Amino acid sequence: MTDNMILAAQEQVIALTQGAYEKAAAAGLLPAGAAVTAKVDIPKDARNGDYATSFALAAAKPLGKSPRDIAQALLEHMDLSGTYFDKVEMAGPGFLNFTLGSKWLGEVLAVVEREGALYGKSDLGHGKKVMVEFVSANPTGPMHIGNARGGVLGDALASVLERVGYDVWREFYVNDAGNQIHKFALSIDARYRQLILGEDKVEFPADGYQGEDIRELAQGFRAQFGDSWLEKSEEERWNAMADFGLKNNIPRMQEDLRRYKIEYDEWFLESSLHNSGYVRATVDKLTAAGWTYEKDGALWLDTTGLLKKKYLAEGKSQEQVDKLDLKDDVLCRANGFYTYFAADIAYHRNKLEQRKFDTAVNIWGADHHGHVHRLQAALDGLGLDGSHRLVVVLMQLVNLLQDGQPVRMSKRTGKAIALRDLLDEVSVDAARYFFNSRSSTSGLDFDLTLAVREDSENPVYYVQYAHARICSLIAKVVEAEGTSIPAAAEVDARLLCSPEELSLLKTIARFPEELKLAARDYDPSQVNRYLTILAGDFHRFYNAHRIKGETPELVKARLKLADAARSVLANGLTLIGVTAPEKM
């Protein structure tokens, strides 16, 4: 038995229609041997059945008959006994509309019971290795709300991919090398010297990091090492300051993300690529493949040539490609230092070639849009099929609001809102649910006022309340009726026949398909949207029907339906890292 009852019913429609065609052909009513490919859809209007097939319309030309004549012949040779369907009817120009019956409804309850917390699992991924790299914020300052959105998108996506059969690895790429770390060290060093010599005696770097966190690091360095480092060389001080800053900041980042319920399999250091010679080796490999050249003392990547090759392979015309404003990239500067782009290529080569991930998924801010194709093309140049194996999910900005007004600064620090500031204002559940509530391609308004409200306007409260409401309902019914939640096999699913009951059951059945779509589109917000619909369907069922005081068989059926809804709500909330409370 599959746990995707939507797909199971769809496949049965195909089998029933094909079987009816073969019987009608054997009876001489239709020509035999035609290969017909037809769509099976779920009609938007329930009056048109639960599933509809266009087989008769698709078969009209190869069979040389009208669609309605074909549909009538199929109806006369279709046996629904023992199937998921109670009836099938012809509609319009020859559609066949199928209506689900109690066998299917009962099996939905049985599947949810059997699979429990793993309901929705599938083998879509076939065990392929996928790395999801997300957040990867510079370790030069505190985590901010942009990181908060990327954090939950990456973490929830990783959970969805795991559920549908991928072997998933979560990674944080620590940019602990390069120009930003040099600037970080200079900033701490300037604050350190100002503490000792006075601010008027030490000029702060014009492009230095101005945050209060830099002053705190300088104070911490001085508290640990005293004033003696004034006597060291600049290079010694800078190396020590960078090391001290990173050893303080990275654990803070880990602590903030752990509070946010995010754990990584690895925190990968950019410096390891430089120290091991892997960046140099990667650039040498691109050179050997003929994709680099020297100009003005620097080594350049022929990004233009790589992108032209990529775009032509993707179906763009030569004329379209020639009109693009393409530019090459420096890999190694004239001073011998490798660029960030060179390190990025090496890092992704490490993912795909050395660690053998089938796919690398990155969650990036939308401002990295121009970087995506260049990096994919560079990986293509290394023979790693980056155009297909590197998937980048671009994430739009977050607008923080309070009482409908923009909030840009922390009241506590007067600086940009840090993740820890946000989590002091709203619950982790609210933060995770809100940040995952819309597709990454859409901008997000995070309303602090709404996030702490305890009513149905707050989407996370609405869904969690549905779960808590079911828990309370089940406890009361079990106590009042002197019963327990029945096994699915004990339930007469024919009793679940009202529009509210059928809608709730059909929504429960959609969960595995929703997870497949979320994985296919790299869009975990699909889970949030589904949970909101499921919670709404339960609330409507609850408001329309009693459980207590009904006949014993109806109590069993409705109690089992409510418990199935509870199980799937808990399942979905857990998948996106949000708790499913039993009381509220």
Side-chain angles (χ1 to χ4, degrees), residues 3-7 10 39-42 44 119-135 148-171 262 314-315 351 357-366 368-369 371-373 375-376 385-398 432-444 459 463 506-534 568 571-578:
D3 70 346
N4 189 332
M5 296 303 297
I6 298 292
L7 183 60
Q10 188 177 42
K39 289 177 63 181
V40 177
D41 295 313
I42 298 177
K44 291 182 179 178
Y119 176 56
K121 75 180 189 321
S122 69
D123 192 32
L124 179 72
H126 301 296
K128 290 182 178 177
K129 289 180 64 179
V130 176
M131 177 196 287
V132 182
E133 182 222 320
F134 57 106
V135 181
R149 186 178 194 190
V152 71
L153 284 174
D155 194 44
L157 175 59
S159 295
V160 167
L161 292 172
E162 284 172 333
R163 183 64 60 88
V164 299
Y166 289 92
D167 180 4
V168 179
W169 182 265
R170 292 166 170 83
E171 187 152 297
I262 293 176
E314 291 173 352
K351 293 181 184 183
F357 286 98
D358 295 292
T359 305
V361 180
N362 294 351
I363 312 295
W364 285 354
H368 287 73
H369 179 269
H371 191 57
V372 177
H373 286 221
L375 181 56
Q376 288 175 328
D385 192 17
S387 291
H388 296 99
R389 294 174 67 196
L390 173 61
V391 175
V392 178
V393 177
L394 292 172
M395 176 184 66
Q396 295 295 327
L397 294 174
V398 175
R432 287 188 65 109
Y433 199 94
F434 270 69
F435 282 124
N436 195 51
S437 62
R438 300 195 68 185
S439 168
S440 64
T441 56
S442 301
L444 179 69
V463 174
K506 290 172 187 177
T507 299
I508 288 169
R510 275 175 40 201
F511 187 57
E513 196 65 18
E514 295 287 344
L515 294 188
K516 283 189 172 183
L517 293 173
R520 182 197 70 183
D521 299 338
Y522 299 99
D523 180 14
S525 69
Q526 186 108 4
V527 178
N528 289 50
R529 291 190 291 275
Y530 167 82
L531 289 171
T532 301
I533 292 168
L534 178 59
V568 180
N571 191 333
L573 285 167
T574 301
L575 202 61
I576 60 173
V578 176

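From a predicted model like this one, the values you see are computed outputs, not experimental measurements. Index from 1, following the sequence.
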Exercise. Heavy-atom distance under 4.5 Å between the side chains of S122 and L515, does that happen here?
Worked result: no
For this session: Check whether any side-chain heavy atom of L394 lies under 4.5 Å from a side-chain heavy atom of T441, and answer yes or no.
Result: no
Exercise. So do V130 and D167 actually touch side chain to side chain, heavy atoms under 4.5 Å?
Worked result: no
Problem set entry | Closest contact, heavy atoms only, V164 versus G120 | CG1-O, 4.5 Å
For this session: Enter the distance from F511:CZ to L534:CG here, rounded to the nearest 0.5 Å.
Result: 9.0 Å
For this session: For R163, enumerate each residue passing the salt bridge (Lys or Arg N to Asp or Glu O under 4.0 Å) test, keeping only those at least two apart in sequence or located in another chain.
Result: none
For this session: Could you tell me the separation between the OG atom of S387 and the CG atom of L375, rounded to the nearest 0.5 Å?
Result: 10.0 Å
Exercise. Quick one: are K516 and L7 in side-chain contact, heavy atoms under 4.5 Å?
Worked result: yes
For this session: Using a strict 4.0 Å threshold on nitrogen-to-oxygen distance, state whether E171 and K351 make a salt bridge.
Result: no
Exercise. Does Y433 have any ring pair (Phe, Tyr, Trp, His ring centres under 6.0 Å) partners at least two apart in sequence or in another chain, and if so, which?
Worked result: none
For this session: Test the K128-Y166 pair against the cation-pi criterion, namely NZ or CZ under 6.0 angstrom from the six-membered ring centroid and within 45° of the ring axis.
Result: no
Exercise. Ignoring hydrogens and geometry, is there a side-chain-to-backbone donor-acceptor pair from R389 to F357 under 3.5 Å?
Worked result: yes
Exercise. With R520, which residues qualify under salt bridge (Lys or Arg N to Asp or Glu O under 4.0 Å), at least two apart?
Worked result: none
Exercise. Looking only at atom types and distance, does a side-chain atom of R432 sit under 3.5 Å from a main-chain N or O of I576, one as donor and one as acceptor?
Worked result: yes
For this session: For V392 and H368, run side chain to side chain contact (heavy atoms under 4.5 Å, CB included): C-alpha distance rounded to whole Å, both residues' side-chain angles, the deciding distance at 0.1 Å, then the answer.
Result: CA-CA 10 Å; V392 178; H368 287 73; over 6 Å; no
For this session: Could you tell me whether the side chain of L531 reaches within less than 4.5 Å of the side chain of V578, counting heavy atoms only?
Result: no
For this session: Would you check if Q10 and N4 make a side-chain contact, meaning some heavy-atom pair closer than 4.5 Å?
Result: no
Problem set entry | Residues that K121 engages under salt bridge (Lys or Arg N to Asp or Glu O under 4.0 Å), provided they are two or more places apart | E115
For this session: Could I get the full list of ring pair (Phe, Tyr, Trp, His ring centres under 6.0 Å) partners for H371, not counting sequence neighbours?
Result: F341, W364
Problem set entry | Minimum heavy-atom distance S439-R529, with the two atoms named | N-NH1, 4.0 Å
For this session: Under the salt bridge (Lys or Arg N to Asp or Glu O under 4.0 Å) rule, collect the residues that match up with R170, sequence neighbours excluded.
Result: D155, E162
Problem set entry | Gap between atom CG of N436 and atom CG of N528 - 0.5 Å precision | 4.5 Å
Problem set entry | Validation row: I363, V135 side chains within 4.5 angstrom (heavy atoms) | no
Exercise. Do P524 and L153 have side chains that get closer than 4.5 Å, going by heavy atoms?
Worked result: yes
For this session: Please confirm whether the backbone N or O of G443 pairs with a side-chain atom of R438, one donor and one acceptor, at under 3.5 Å?
Result: yes
Seminar exercise, completed: So CG of N362 and CD of E133: to nearest 0.5 Å the spacing works out to 4.5 Å
Exercise. Roughly how far, to the nearest 0.5 Å, is the CG atom of L517 from the CG atom of L124?
Worked result: 10.0 Å
Exercise. Can you name the closest pair of heavy atoms from G154 and V132 and give their distance?
Worked result: O-CG1, 3.7 Å
Problem set entry | From CE (M131) to CG (L390), nearest 0.5 Å | 11.0 Å
Problem set entry | Minimum-distance pair of heavy atoms, taken over all atoms of Y530 and V568 | OH-CG1, 3.5 Å
Problem set entry | For the student: nearest non-hydrogen atoms of V393 and S440, plus distance | CG1-OG, 3.2 Å
Exercise. If you look at every heavy atom in A518 and Q526, which pair is closest and at what distance?
Worked result: CB-CB, 3.8 Å
